[in-house]
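A short write-up of the structure that comes next.
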Amino acid sequence: MFFRTLRSSFTPISRSIPRSAPSSLLARPQISRSIHNSLRQSAKYERFPSGYSPSPGPNGGGGPDIWQYFKRRLGGDRAVWVYGIGVGGGGIYYVTHLERVPETGRLRFMDVDEAQERELGRQTQLQTLNEYSRAVLPPNHPTTKRVRAVATRIIESSGLGRVKSGGEMGAVEGKVPNFGGGEDIGEILFGGGEAGKNAREGKETEWEVYVIDDKKTKNAFVLPGGKIFVFTGILPVSANDDGLATVLGHEVAHQVARHPAERMSSMKVLFALGFLLESLGLDVGITRLLLTFMLQLPNSRKNESEADFIGLRLMSKACFDPNESTKMWQRMSESEKGRGLPTDFLSTHPANEKRIKQLEKWMPDALSIRAASPCGDTSSYYSGFMDSLNPTSPYSRSIW
């Protein structure tokens, strides 16, 4: 911004009647009048009116003082001190809450305890059951029983808890959360609900399996606290028990690595960084784009790849065939029919081709885990024997 300083001057000229004039003229009152000439202007341009540093810039001239700019943006010396203390305290808080994922050793920020995480899962469970109340299949339905059997093998073989049987799956009692504030938010922040209480008491996780009859939705997810939801649309893609184990192993792995709690923690970091960048004058839209493409999306893809790695190990330990994992993702790519993005830069999930390559890279380790498990080769022989007895897979029949 250029500033221009105007300097003006004028010269008053007074005209009066001389003393040697006739007496008739002297008797008249004297008239004094100022005559202004045209305004003379001069302009002085100052690009940086304050905070200009005479230190030489890259071209030899002076350059702007960035420190003075920050001071003006933040509101003066006192505001700089306040922001400095806040940034320093936030940095210390961030460092002291770093931890490593036990299964992979990845370093991450985590400040959400398990009680908060489980309470969020319980309230999301109530909301999901309320939304799909008419589509949830009964616990004794053949499809539900098959999904529960696969989940039981994965969970109990790794000592992650126990899966409730169909007879234990009664009505879920609780208030449907509003997520708009009030008691719901308080229970999530402080883990004050029933699920949070169970986590603080160290009770064993009791997993629950729900199958939602929705053929258009190719999805499955697991909520904190062991609430498994599977949509029937994913079953034709999984095709068999090993393919379904790939899906469930991946979703269970998200809970094993506590990815939901990690996302809750990272949102606080994103909010703090966004507030700081906007205070320094960066545009709101640019700030959100930078944080999304440089932090949020890459971290989400990293979590998905980590869940693929852990899930492959979980299904292998449960005596499922890890080779089926790559085939399942190939079928997923075919079912999408080019609707997926060619690159994962704009996505929260890695591209299917990249996931297949990563699974092939981890396959030798997964096969070693399966060979070292109690099942050994017996499981594959048993699966082949059962397929010969019943060549028609229950997942290919139109029962949903």
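For reference, positions follow the sequence shown, starting with 1.
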(request) Would you please name every residue forming a side chain to side chain donor-acceptor pair (under 3.5 Å) with Asp214, sequence neighbours left out? (result) Thr217

(request) List in chain and number order the residues that pass salt bridge (charged side-chain N to carboxylate O under 4.0 Å, His left out) with Lys302, two or more places apart in sequence or in another chain; answer none if no residue qualifies. (result) none

(message) The test is side chain to side chain contact (heavy atoms under 4.5 Å, CB included); show your working for Ile234 and Met332 and say whether it passes.
(response) CA-CA 9 Å; Ile234 195 68; Met332 180 66 75; 3.5 Å; yes

(message) So His254 and Phe221, do their side chains get closer than 4.5 Å, heavy atoms only?
(response) no

(message) Any side-chain to backbone donor/acceptor pair from Ser265 onto Met110? Under 3.5 Å, distance only.
(response) no

(request) Mind checking salt bridge (charged side-chain N to carboxylate O under 4.0 Å, His left out) for Arg355 and listing every partner two or more places apart, or none if nothing turns up? (result) Glu304, Asp308

(request) Output, in order, the C-alpha distance, side-chain angles, deciding distance and verdict of salt bridge (charged side-chain N to carboxylate O under 4.0 Å, His left out) for Arg146 and Asp241. (result) CA-CA 8 Å; Arg146 180 60 67 90; Asp241 285 355; 3.6 Å; yes

(message) If I take atom OG1 from residue Thr246 and atom CG from residue Leu312, how far apart are they, to the nearest 0.5 angstrom?
(response) 7.5 Å

(message) For the backbone of His349 and the side chain of Ser347, can you confirm whether one donor and one acceptor N or O come within less than 3.5 Å of each other?
(response) yes

Only pairs under 3.5 Å count here: list side-chain donor-acceptor contacts from residues 287-297, not counting sequence neighbours, and write none if there are none.
| residue | atom | partner | partner atom | Å |
| --- | --- | --- | --- | --- |
| Thr287 | OG1 | Asp283 | O | 2.8 |
| Thr292 | OG1 | Arg288 | O | 2.7 |

(message) Measuring only between side-chain heavy atoms, which start at C-beta, is Ile212 closer than 4.5 Å to Thr232?
(response) no

(message) Going by side-chain contact (heavy atoms from CB on, under 4.5 Å), name the residues that satisfy it together with Ser157, two or more places apart in sequence or in a different chain.
(response) Ala318

(request) Check the pair Phe231 / Val211 against side chain to side chain contact (heavy atoms under 4.5 Å, CB included), numbers first and verdict last. (result) CA-CA 6 Å; Phe231 292 82; Val211 178; over 6 Å; no

(request) Identify the two heavy atoms, one from Phe109 and one from His97, that lie closest to each other, and give their separation to 0.1 Å. (result) CE1-CB, 3.5 Å

(message) Looking at every heavy atom in both Cys319 and Arg153, which two are closest together, and how far apart are they?
(response) O-NH2, 3.4 Å

(message) How long is the straight-line distance from CE of Met169 back to NZ of Lys164, given to the nearest 0.5 Å?
(response) 7.0 Å

(message) Using modelled atom types and a 3.5 Å cut-off, is there a donor and acceptor pairing between side-chain atoms of Glu119 and backbone atoms of Gln116?
(response) no

(request) Over all heavy atoms of both residues, which pair between Ala366 and Pro322 is shortest? Give the atoms and the distance, please. (result) CB-CB, 3.9 Å

(message) So, using side-chain contact (heavy atoms from CB on, under 4.5 Å) as the criterion, who are the partners of Arg100 when residues are at least two apart?
(response) Leu107

(message) Just to verify, what does Tyr132 make a side chain to side chain donor-acceptor pair (under 3.5 Å) with, not counting sequence neighbours?
(response) none

(message) With a 4.5 Å cut-off on side-chain heavy atoms, are Lys354 and Gln358 touching?
(response) yes

(request) Report yes if the side chains of Pro260 and Leu120 come closer than 4.5 Å at any heavy-atom pair, otherwise no. (result) no

(request) Check Ile154 against Ala245 and note the closest heavy-atom contact, atom names and distance. (result) CD1-O, 3.7 Å

(message) For a side chain to side chain contact (heavy atoms under 4.5 Å, CB included) check, start with the C-alpha distance between Thr144 and Val136, then their side-chain angles and the critical distance, and finish with the verdict.
(response) CA-CA 10 Å; Thr144 305; Val136 177; over 6 Å; no

(request) Please report the shortest heavy-atom distance between Ser158 and Leu314, naming the atom on each side. (result) OG-CD2, 3.3 Å

(message) Val101 vs Glu306, test: side chain to side chain contact (heavy atoms under 4.5 Å, CB included). Steps then yes/no.
(response) CA-CA 10 Å; Val101 181; Glu306 191 172 62; 3.7 Å; yes

(request) Please identify each residue that fulfils side-chain contact (heavy atoms from CB on, under 4.5 Å) with Glu131, with sequence neighbours left out. (result) none

(message) Looking at Arg162 and Glu168, is any side-chain nitrogen of the basic one under 4.0 Å from a carboxylate oxygen of the acidic one?
(response) yes

Quick one: side chains of residues 271-280, donor-acceptor pairs under 3.5 Å with protein atoms, not counting sequence neighbours, listed by atom name and distance.
| residue | atom | partner | partner atom | Å |
| --- | --- | --- | --- | --- |
| Ser279 | OG | Tyr83 | OH | 3.3 |
| Ser279 | OG | Phe275 | O | 2.7 |

(request) Output yes when a side-chain donor or acceptor of Thr96 lies under 3.5 Å from a complementary backbone atom of Tyr93, and no otherwise. (result) yes

(request) Consider only side-chain heavy atoms of I, L, V, M, F, W and Y, link residues closer than 4.5 Å, and tell whether Met328 and Met363 are in one cluster. (result) no

(request) Would you indicate whether the side-chain heavy atoms of Leu244 and Asn240 approach each other to under 4.5 Å? (result) no

(message) For the NZ atom of Lys357 and the CD atom of Glu353, what is their distance to the nearest 0.5 Å?
(response) 8.0 Å

(request) Would you mind reporting whether Val209 and Phe229 have side-chain heavy atoms less than 4.5 Å apart? (result) no

(request) Can you measure from OG (Ser305) to NE2 (His250) and round to the nearest 0.5 angstrom? (result) 9.0 Å

(message) Does Arg370 qualify as a cation-pi partner of Phe320, given the criterion of NZ or CZ under 6.0 Å from the six-membered ring centre and within 45 degrees of its axis?
(response) no

(message) Applying salt bridge (charged side-chain N to carboxylate O under 4.0 Å, His left out) as the test, list every pair that has at least one member in residues 249-277; sequence neighbours left out.
(response) Arg106-Glu262, Arg108-Glu262, Asp111-Lys268, Glu117-Arg258

(message) Rounded to the nearest 0.5 Å, what separates atom CG in Asp242 from atom CG in Asn323?
(response) 9.0 Å

(request) Identify the two heavy atoms, one from Ile310 and one from Ala257, that lie closest to each other, and give their separation to 0.1 Å. (result) CD1-CB, 4.0 Å

(message) Among residues at least two apart in sequence or on other chains, which ones pass side-chain contact (heavy atoms from CB on, under 4.5 Å) with Asp365?
(response) Arg313, Ile369

(message) What's the separation between atom CD1 in Ile228 and atom OH in Tyr210, rounded to the nearest 0.5 Å?
(response) 10.5 Å

(message) Would you say Glu336 and Asn352 are linked by a side-chain donor-acceptor pair, where the criterion is simply a distance under 3.5 Å?
(response) yes

(message) Restricting to ring pair (Phe, Tyr, Trp, His ring centres under 6.0 Å), what partner residues turn up for Trp362, sequence neighbours left out?
(response) Phe309

